[in-house]
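Here's the structure we're looking at; comments come further down.
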Amino acid sequence: LVDCAQESADEHGEVQQREAAAAELRATVVELEKRHEAAEAAAAELRAAVGEEEKRREAAEAAAAELRAAVGEEEKRRETAEAAAAELRAAVGEEEKRREAAEAAAAELRAAVGEEEKRREAAEAAAAELRAAVGEEEKRREAAEAAAAELRAAVGEEEKRRETAEAAAAELRAAVGEEEKRREAAEAAAAELRAAVGGGEEA
């Protein structure tokens, strides 16, 4: 009986130990489960953090690419600005040359204008003399036209007198013709009278 009781007690202690071990194992499993879940949560957070970091890296790379592109564009604009500045300096140099040439041309033009002004004054003086000469010639022409008008009037009067004389001569010739006809008629009548007178004497 003692042995049986001992064995029963040993078995009971063993069962208790097993139950305790099982309880510890269950607690360990629960703890491990919790740690697993925490690890998964931490892994998820880490993956999220890695994803965010990846996004930030990609954004940084995109920003760096944009910055490089902007730097390239800025370099191109700088080179373009330098080229434009060089062209502007060249254009300014050309403009300076043209300005100097224009000033020289203006000086020549002023000299030419001065000469032209002298020639204009001389031409005006010559024109004034010519106008005076034309005025004198106009006076002489008017006097000549007046004399010609008087001459034409005298010629007209002479023509009228000539026509009057011709009309009078025509009338005179007509009168002479009539007188000639009357004379011839008188002569014929006288001849007839003489003939008649001579015939009577013979009878």
Side-chain angles (χ1 to χ4, degrees), residues 63 65-203:
E66 290 179 358
L67 181 60
R68 285 192 296 273
V71 169
E73 291 294 325
E74 184 63 25
E75 183 67 17
K76 289 179 182 178
R77 284 195 292 271
R78 185 184 62 79
E79 292 175 354
T80 302
E82 288 181 353
E87 291 180 358
L88 181 60
R89 285 192 295 273
V92 168
E94 291 295 324
E95 184 63 24
E96 183 66 18
K97 290 179 181 178
R98 285 195 292 272
R99 185 185 62 79
E100 292 175 354
E103 289 180 353
E108 293 180 356
L109 181 61
R110 285 192 295 272
V113 167
E115 292 294 323
E116 184 63 25
E117 183 67 17
K118 291 179 182 178
R119 285 195 292 272
R120 185 185 63 79
E121 291 175 355
E124 287 180 354
E129 293 178 357
L130 181 61
R131 283 192 297 272
V134 168
E136 293 295 325
E137 183 64 26
E138 183 68 18
K139 290 177 182 179
R140 285 194 292 273
R141 183 184 64 78
E142 291 175 355
E145 288 181 352
E150 291 178 359
L151 181 61
R152 283 193 296 274
V155 169
E157 292 295 325
E158 183 64 26
E159 182 68 18
K160 288 178 181 177
R161 285 194 293 273
R162 184 184 63 78
E163 290 175 353
T164 302
E166 287 181 352
E171 291 178 356
L172 182 61
R173 282 193 297 274
V176 168
E178 290 294 326
E179 184 64 26
E180 183 68 19
K181 288 178 181 179
R182 284 194 294 273
R183 186 183 62 78
E184 290 176 354
E187 288 180 353
E192 290 179 356
L193 182 59
R194 283 193 298 274
V197 170
E201 290 176 354
E202 289 176 357

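Model, not experiment: these values are computed from the prediction.
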Enumerate donor-acceptor pairs with a distance under 3.5 Å from any side-chain N or O in residues 186-193 to protein atoms, sequence neighbours excluded.
| from | atom 1 | to | atom 2 | distance (Å) |
| --- | --- | --- | --- | --- |
| Glu187 | OE1 | Arg183 | NH1 | 3.3 |
| Glu187 | OE2 | Arg183 | NH1 | 2.3 |

- Message: For Glu100, is there an ion pair with Lys97 - N to carboxylate O distance below 4.0 angstrom?
- Response: no
- Task: State which residues pass side chain to side chain contact (heavy atoms under 4.5 Å, CB included) with Glu75; sequence neighbours excluded, sorted by chain then number.
- Result: Arg78, Glu79
- Heavy-atom pair with the smallest gap, counting every atom of Arg173 and Glu166: NH2-O, 4.4 Å
